[in-house]
Chemist: 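Okay, here's the structure, questions in a sec.
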There are 2 protein chains.
Amino acid sequence: MDVQSVLLGFLMKKSMTGYDLKKAFSISFLFFSGLSYGSIYPALRKMENQGMISKRLEIQDGAPNRKVYTITEAGKRAFLDSLRSPFAFELPKSTFLMRLFFFAHLPPEERRAFARQHLDSIEQLRAQLESARPEVEAHADRFQYLCFQFGLRFYRDMSGYVSELIDTLGVEEIENGE
Amino acid sequence: MDVQSVLLGFLMKKSMTGYDLKKAFSISFLFFSGLSYGSIYPALRKMENQGMISKRLEIQDGAPNRKVYTITEAGKRAFLDSLRSPFAFELPKSTFLMRLFFFAHLPPEERRAFARQHLDSIEQLRAQLESARPEVEAHADRFQYLCFQFGLRFYRDMSGYVSELIDTLGVEEIENGE
DNA sequence: TTGACATATATCATCACGATATATATCGTC
DNA sequence: GACGATATATATCGTGATGATATATGTCAA
């Protein structure tokens, strides 16, 4: 599932502009990483050249003209193919774990401060995600709702890991008489 | 924590070649995403130009010559700075969730097949990680061991999520009389 | 002896990201 | 009414990560 397939997936439902696609993605995957215009517009141009989508120019008064993209039959086939393409589990990457890996180079109080800061950002994102629940319940199909629940659980568990880490860091300092 | 900082982190412990660094990273972060030569060699060249590391050529008989990199005082300062630099939580990205998001376009049996396949790859990675425990226990400091435990928990929880998803998919099919 | 695997370096095309630029409209507020 | 923030909408640019590939040689087992 690359950028192209995701865009096609949204276009399966309705025709949209690049701007609309960015918004749709941000709302649907607010708990996961975003999609920038630097990826969207080049992908749209490429897919148009490949005949997967067609463009309709909507002249607007005052506001910038809209370029509304519609998925073609070839695009639909490409989307379904990519949805069925062999699936490789992707190893996640975590900047926090990279820092933890080198924690020995930091004094104890800085270690704890970092862990607390990390917990704060997780909790903040979790609250943000939780507050989006009504909108998700209103618009998502049952699989999209499952995605949302995945996200919530992920943040809940991450929060748990880091809380325990903070406890561990505290105990080690007491043991060392700090 | 970008590629440069991670490489500096490993070089804090001992001098190494690009090849050694790739191996060290793969072993330490076997549960998280890798680092390719296409990132390592350009980063080493750049850091050498910036005076963060110094190079020593070791002529070898037969085998390719080794370029052994050693961290400089400037490099140590840069590493500690980056370890303390403001920390932004990075949103993870999951190809599996992207597929799940569009599951409505697939027939039920393909949905289940994908979920099972995903569970298999997670379990496989988990087993692989578990089998590395002795080596980790032998070589890692306590923070690096915490990283390892983070990894194990992550895979354990992921496995739980996907197992439940498979159950959910099964129940829905029974409800629909499939 | 043949093929797989380990050592070791390096580059290349592709492409995602984040920042920035350019315009206009709207909406609240001081 | 002026001002600033936010929304609509397109697009490009530099930086840099990824994965594949190229190039050599040595070793070890089938």
Side-chain angles (χ1 to χ4, degrees), chain A residues 1-8 10 15-27 29 32-50 53 55-69 82 85-86 88-95 98, chain B residues 1-8 10 15-27 29 32-50 53 55-69 82 85-86 88-95 98:
Chain A
M1 291 289 283
D2 55 357
V3 175
Q4 292 196 20
S5 309
V6 176
L7 296 180
L8 288 176
F10 281 108
S15 299
M16 295 167 110
T17 67
Y19 185 79
D20 294 335
L21 284 163
K22 172 93 158 74
K23 262 202 304 180
F25 188 91
S26 306
I27 294 166
F29 292 96
F32 281 92
S33 115
L35 201 54
S36 80
Y37 291 123
S39 311
I40 292 172
Y41 287 111
L44 287 174
R45 199 182 318 155
K46 199 176 168 190
M47 290 195 291
E48 200 197 347
N49 291 337
Q50 290 170 342
I53 55 177
K55 184 170 66 186
R56 191 180 68 242
L57 190 66
E58 275 185 14
I59 309 293
Q60 296 209 122
D61 205 40
N65 294 333
R66 291 158 55 85
K67 292 180 180 174
V68 183
Y69 292 93
S82 91
S85 69
F89 181 71
E90 278 183 13
L91 299 166
K93 60 176 45 186
S94 158
T95 312
M98 298 238 177
Chain B
M1 291 291 283
D2 53 357
V3 174
Q4 292 195 22
S5 309
V6 175
L7 296 180
L8 288 177
F10 282 107
S15 299
M16 296 167 108
T17 68
Y19 186 79
D20 294 334
L21 284 163
K22 172 96 158 72
K23 263 200 307 180
F25 189 90
S26 306
I27 293 166
F29 291 97
F32 282 92
S33 116
L35 202 52
S36 78
Y37 291 124
S39 311
I40 292 172
Y41 287 111
L44 287 174
R45 199 181 317 154
K46 200 176 167 191
M47 289 195 290
E48 199 197 348
N49 291 337
Q50 290 171 342
I53 53 177
K55 184 170 66 185
R56 192 181 66 244
L57 190 66
E58 273 185 15
I59 309 293
Q60 294 209 125
D61 206 41
N65 295 332
R66 291 158 54 86
K67 292 180 179 175
V68 183
Y69 292 94
S82 91
S85 69
F89 181 70
E90 276 182 16
L91 299 166
K93 59 177 48 183
S94 159
T95 312
M98 298 242 176

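By convention in this document, chain letters (A, B, ...) are assigned in the order of the sequence lines, proteins followed by strands, and residues within each chain are numbered from 1.
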Chemist: How many whole angstroms separate atom CG of A/Leu7 from atom C1' of C/dC15?
Modeler: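 My rounded result for the distance is 13 Å.
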Chemist: Could you report the tightest heavy-atom contact between B/Leu44 and B/Ile53, atom names first, then the distance?
Modeler: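 Distance-wise, the nearest heavy atoms are O-CD1, 3.4 Å.
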Chemist: Both B/Gly38 and A/Asp2 contact DNA chain C. Which one's nearest nucleotide lies toward the 5' end?
Modeler: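 Result: B/Gly38.
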Chemist: Are the side chain of A/Asp2 and the backbone of A/Ser5 linked by a donor-acceptor contact shorter than 3.5 Å?
Modeler: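 Yes, A/Asp2 side chain to A/Ser5 backbone: donor-acceptor pair under 3.5 Å.
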Chemist: Output the single nucleotide from C/dA8, C/dG18, D/dT10 whose closest atom is nearest the side chain of A/Lys67.
Modeler: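 My answer, after comparing the listed nucleotides, is D/dT10.
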Chemist: Choose from C/dA8, D/dT8, D/dG16 the nucleotide whose nearest atom is closest to any side-chain atom of B/Lys46.
Modeler: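 The closest nucleotide is D/dG16.
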Chemist: Base, sugar-phosphate alone, or nothing: which one does A/Thr17 contact when heavy atoms must sit under 4.0 Å apart?
Modeler: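 If one applies the 4.0 Å heavy-atom cut-off, A/Thr17 turns out to touch the sugar-phosphate alone, with no base involved.
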Chemist: Would you indicate which nucleotide in C/dG18, C/dA10, D/dA17 comes nearest to any side-chain atom of B/Val3?
Modeler: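 Closest of the options to the side chain of B/Val3: D/dA17.
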Chemist: Counting the atoms with a prime plus P, OP1 and OP2 as sugar-phosphate, which does B/Ser39 contact under 4.0 Å by heavy atoms, base, sugar-phosphate, or nothing?
Modeler: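 Contact class for B/Ser39: base.
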Chemist: Measure the OH-CG distance between A/Tyr41 and A/Leu21 for me, rounded to the nearest 0.5 Å.
Modeler: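 The distance works out to 8.5 Å.
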Chemist: Just how far, in rounded Å, is P of C/dT9 from NZ of B/Lys23?
Modeler: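 Computing the B/Lys23:NZ to C/dT9:P distance gives 11 Å.
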Chemist: Can you tell me the distance, in whole Å, between the CG atom of A/Leu44 and the P atom of C/dA16?
Modeler: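 Computing the A/Leu44:CG to C/dA16:P distance gives 12 Å.
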Chemist: Taking the side chain of B/Arg45 as its heavy atoms from C-beta onward, which of C/dT7, C/dT11, C/dG18 lies nearest to it?
Modeler: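 Taking heavy atoms from C-beta onward, the closest nucleotide is C/dT11.
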Chemist: Looking at B/Tyr19, I'd like to know whether one of its side-chain N or O atoms comes within less than 4.0 Å of OP1 or OP2 on C/dT7.
Modeler: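 Affirmative; the distance criterion is met.
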Chemist: What is the distance, rounded to the nearest whole Å, between atom CG of A/Leu21 and atom P of D/dT10?
Modeler: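 Distance, rounded to whole Å: 9 Å.
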Chemist: Starting at CZ of B/Arg66 and ending at P of C/dA6, how long is that distance when rounded to a whole Å?
Modeler: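 Checked: the CZ to P distance equals 17 Å.
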Chemist: Could you state the atom-to-atom distance from CG of B/Asn65 to P of C/dA8 in whole Å?
Modeler: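 Nearest whole value for this atom pair: 10 Å.
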Chemist: When all nucleic acid strands are considered with a 4.0 Å heavy-atom cut-off, which category describes A/Lys22: base, sugar-phosphate, or nothing?
Modeler: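 Nothing, no heavy atom under 4.0 Å.
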Chemist: Tell me which nucleotide among D/dA11, C/dT7, C/dT11 gets nearest to the side chain of A/Tyr37.
Modeler: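 My answer, after comparing the listed nucleotides, is D/dA11.
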Chemist: What is the distance, rounded to the nearest whole Å, between atom OH of B/Tyr41 and atom P of C/dC12?
Modeler: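 For the pair B/Tyr41 OH and C/dC12 P, the rounded distance is 16 Å.
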Chemist: If you round to the nearest 0.5 Å, how far is CG of B/Asp20 from NZ of B/Lys67?
Modeler: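 One finds 14.0 Å between NZ of B/Lys67 and CG of B/Asp20.
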Chemist: Measuring from A/Lys55:NZ to A/Arg66:CZ, what's the distance to the nearest 0.5 Å?
Modeler: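 Between atom NZ of A/Lys55 and atom CZ of A/Arg66 there are 14.0 Å.
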Chemist: For B/Ile40 and C/dC12, what is the distance between atoms CD1 and P respectively, to the nearest whole Å?
Modeler: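 Interatomic distance, CD1 of B/Ile40 to P of C/dC12: 18 Å.
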